[in-house]
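Remarks on the structure that follows.
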Amino acid sequence: MNLSTQPYKGARDFYPEDKRLQKYMFGMMRRTVEKYGYEEYDAPVLEPIELYLAKTGEEIVHEQTYVFEDRGGRTMTIRPEMTPTVSRMVAARRQELGYPLRWYSIPNLWRYERPQRGRLREHWQLNVDIFGVADTTAEIELIQIADDLLRSFGATHDMYSIRINSRKLMDFILHGYLGLSKTQSHTLVKLIDRMHKMPKDVFAAEADAIFTPTQRDEGASNKLLGLLKLKQIGHMPEVIRNHHAMAEIKQLLATLQDMHITNAVFDITLMRGFDYYTDIVFEVFDMHPDNNRSMFGGGRYDGLVGLFGVEPVPTVGFGMGDVTLQAFLEGHDLLPNLRPETDVYVILVGDVYDDAMRVVRELRQMGVNAAVDTSGRKADKQIKTALKKGINYVMFIGSKELTDELFGIKNLATGIEEHHSLSRIVSIVKDHRDDEDL
RNA sequence: GCGGAUGUAGCUCAGCUGGUUAGAGCGCUGGAUUGUGGCUCCGGAGGCCGUGGGUUCGAACCCCAUCAUUCGCCCCA
C-alpha cells in the first residue's frame, strides 16, 4: 500500500504558483483594509466548543465542525468561523480598547462537510469588523470597503451587486405584519433563503403550508407572496414603508449612491444563515451568468460581545472567503500573470563556481533575488529550467565574463541578451520588477 | 447524511461483443547541438488498468464490495 500524495479531502496544497496567487489576494486585502485604518489580529485555530454553542446556530456546531477531545478531556473545535473568536477577544479587553475598534484578520477556517464547487473544508477568509459604532456609518464603511476590495482586484460594478436587507425589518414583517409565530418565522426564513433555487409554484406551495388556516383566511399567505415580488421600496405597503428599519435602509442606500456605489439594492429575500445578526445584513452577489451566487456578506451583530458577561458592544462585520473570491476573479478574467520572486537565474559556464558565487553574493547584497544553477548541465537545459520556473532573466557567468566584469543578461520574454556591469544589471532587473508591480 | 458521474503512464485520454507481450499525445530524461530557450530528428525511463473478492479456460472490460475523485442535495462562513 503506497502512501497517498493527495492532500486531505477538501483541503488544498499550495504549490509555489498557488501560493503566489494567495499572496497576491491577501496582499490586496491587507492594503485595502489598512487604507481604512484596520489593524490585523490573529488567534488560535482551536477553541473550546462552548464558544460556538452559545450563538452560532446548532446544526453548524454539531454536524459541520471538527470536534475532538484533547488529552485533558476538553472538547475542542477547529474554528469554523472567526466572529465568535474576535468577539471573545474584544470582550476580554472590553474596558481598555480604544473605540471605535477597526480590526481585520485572514484566518483559515474548517468545516466538516462534503466538498463541492466553491466550497471546501478548509478556506481562508478575510474578516473585517468595526466595534463600537451604533449608527449606520459603520455599515456604510464596511460596504464601502467590500466594494473597494473588489474594485482593487479590477472588478467593475456590472460584475457584482450588493444586496441589503434588515433583520429588524424582517422581524416586523414576519411578526407584526404577517402575524407569524417564532417557529413559523424560522421555517419561513429558511425557505426564503432557498427560494431562488426552486420553481416559483413549489415555493408558493411550501410557503403557504407554513401558515395556519386562520392566517391563510386573513390573507397572510397572499400578502407574503405579494411582498416578495416587489422590487421597489415605493411599492411596499405603507406600514412597512414607514417602519424605522426601512428608513434606515433607505438612508443607507442613498449614502452609498452618493459614494458612487451604484450597484447596491434592497433585497427583501436576503436572509443570511447566522442567527446572531441583529439589524442590517448585506451580501455581495456574483453577476456572472455561469456563477450567479452569493460571494460573501456580513451585517450587524450587536449581541455577541455581551455574551461574555461584559457590557455589549455594537458591531458590524463581514467575511470574504478566498475560494469564492478566486472563482469570481477567474470567472471575470481578473487574475493577473504572477511571476516568482526570483529575479535572475544564474547559469554557470565552465568551472567557475567559487568566483561566480562572489559575484552572486554581491548581486544579492544589492537587492536582487538570484538562484544559481549548479547542476553543470548544458546551458540550454538550464535556460529551460528558468523558463519552467517563470523567471524572467538568466545571467551567464563564465571565465570571460569574470575577467571583463561584464555579464550576459538575457530577458527570456523578449529574447534579448546584453552584456552589462553588475550595477547596470541590478537596475535593469529592479526596473523590470517595478513595472510588474503596477 | 442523501443522490448522480468517473477511476488505465506525471497530465489528458484511447483500448471493439471478454482473447496473447497495455496504447497515443503532451510532459519527463539523454543525445543530435560540451556557451544560449519554445522548432525539428533519434533514443530512454515510466503501468499490480484505484483496491479486494467473484464469474470464466481467459478480465482493464462482466458482477459484488470498498476506497478515492467530482457534481449536485441537505446546510451554509
Side-chain angles (χ1 to χ4, degrees), chain A residues 1-2 4-10 15 52 56-65 78-86 105-128 189-191 193-194 197-198 270-277 281 283-284 293-299 301 317-325 345-352 356 373 375-402 407-419:
Chain A
M1 178 73 144
N2 276 328
S4 171
T5 55
Q6 285 192 334
Y8 176 68
K9 185 201 274 284
Y15 285 82
Y52 304 100
T56 296
E58 292 293 297
E59 171 154 1
I60 290 178
V61 176
H62 289 115
E63 293 171 24
Q64 303 205 328
T65 53
I78 308 179
R79 61 186 176 198
E81 55 157 341
M82 201 58 168
T83 306
T85 298
V86 71
S105 189
I106 312 179
N108 57 332
L109 308 173
W110 288 81
R111 326 182 109 187
Y112 193 80
E113 65 172 349
R114 292 278 287 269
Q116 53 193 281
R117 196 160 86 98
R119 292 185 70 195
L120 301 173
R121 286 183 169 183
E122 184 190 36
H123 75 132
W124 274 256
Q125 187 188 60
L126 169 68
N127 274 251
V128 187
V189 163
K190 300 278 174 207
L191 183 65
D193 213 21
R194 320 180 260 138
K197 287 186 184 173
M198 50 175 74
L270 174 62
M271 292 299 159
R272 298 209 42 85
F274 282 141
D275 292 336
Y276 53 59
Y277 290 116
V281 289
E283 219 161 52
V284 178
R293 62 196 291 172
S294 161
M295 276 199 287
F296 65 95
Y301 53 103
F318 74 83
M320 174 165 137
D322 66 331
V323 181
T324 38
L325 174 65
Y345 197 68
V346 178
I347 294 176
L348 306 183
V349 182
D351 187 17
V352 294
D373 191 320
S375 68
R377 292 173 304 167
K378 288 185 203 161
D380 62 333
K381 302 292 181 195
Q382 299 191 40
I383 289 173
K384 278 185 179 171
T385 302
L387 283 165
K388 186 182 278 187
K389 291 176 188 293
I391 299 170
N392 196 66
Y393 288 102
V394 289
M395 179 173 162
F396 297 94
I397 304 183
S399 50
K400 199 168 52 183
E401 284 81 358
L402 286 165
F407 302 92
I409 183 86
K410 182 165 190 171
N411 183 329
L412 291 178
T414 62
I416 296 169
E417 180 178 350
E418 296 168 327
H419 281 74

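Values reported hereafter were calculated over all heavy atoms of this structure, with side chains retained and with hydrogens, waters and symmetry mates removed. Residue numbers start from 1 in every chain, and the chains themselves are labelled A, B, ... in the order their sequence lines are given, proteins ahead of strands.
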Can you list the stems that include RNA chain B, where a stem is three or more consecutive Watson-Crick or G-U pairs with distances under 3.5 Å?
B:1-7 with B:67-73, B:10-13 with B:23-26, B:28-32 with B:40-44, B:50-54 with B:62-66

Give me the distance, rounded to whole Å, that separates B:A45 from B:G7 when you measure between the P atoms they each carry.
28 Å

Would you indicate, yes or no, if B:C76 has its OP1 or OP2 atom less than 4.0 angstrom from a side-chain nitrogen or oxygen of A:R194?
no

In whole angstroms, the gap separating C1' of B:C75 from CD of A:Q64 amounts to 5 Å

The side chain of A:E401 is closest to which nucleotide in this list: B:C74, B:U34, B:G35?
B:G35

Among the nucleotides B:G30, B:G1, B:U34, whichever has the atom closest to the side chain of A:K381 is B:G30

Nearest-Å distance, CZ (A:R377) to P (B:U29)?
7 Å

Distance below 4.0 Å between A:R121 side-chain N/O and B:A77 OP1 or OP2
no

Quiz question: going by heavy-atom distance under 3.5 Å, is there a donor-acceptor pair between the base of B:C75 and the side chain of A:R119?
yes

Spacing of A:Q116 atom CD relative to B:U69 atom P, expressed in whole Å:
15 Å

Of all the choices, B:U36, B:G35, B:A32, which nucleotide is nearest to the side chain of A:V349 once you look at every atom?
B:G35

Using the C1' atom on both, measure B:A9 against B:C28 and round to a whole Å.
11 Å

Between B:G53 and B:C13, how many Å separate the two C1' atoms, rounded to a whole number?
29 Å

Between the base of B:U69 and the side chain of A:Q6, is one N or O donor paired with an acceptor at under 3.5 angstrom?
no

Does atom CG of A:D351 have more than 12 heavy-atom neighbours from other groups under 6.0 Å away?
no

Is A:K388 close enough to B:G27 that one of its side-chain N or O atoms is under 4.0 Å from OP1 or OP2 there?
no

From NZ of A:K410 over to P of B:G35, roughly how many Å is that when rounded to an integer?
15 Å

Is the phosphate of B:C75 approached by A:K190 (side-chain N or O, under 4.0 Å from OP1 or OP2)?
no

Tell me which nucleotide among B:A77, B:G72, B:U34 gets nearest to the side chain of A:R114.
B:G72

B:G58 versus B:U20 - spacing of their P atoms, nearest Å:
15 Å

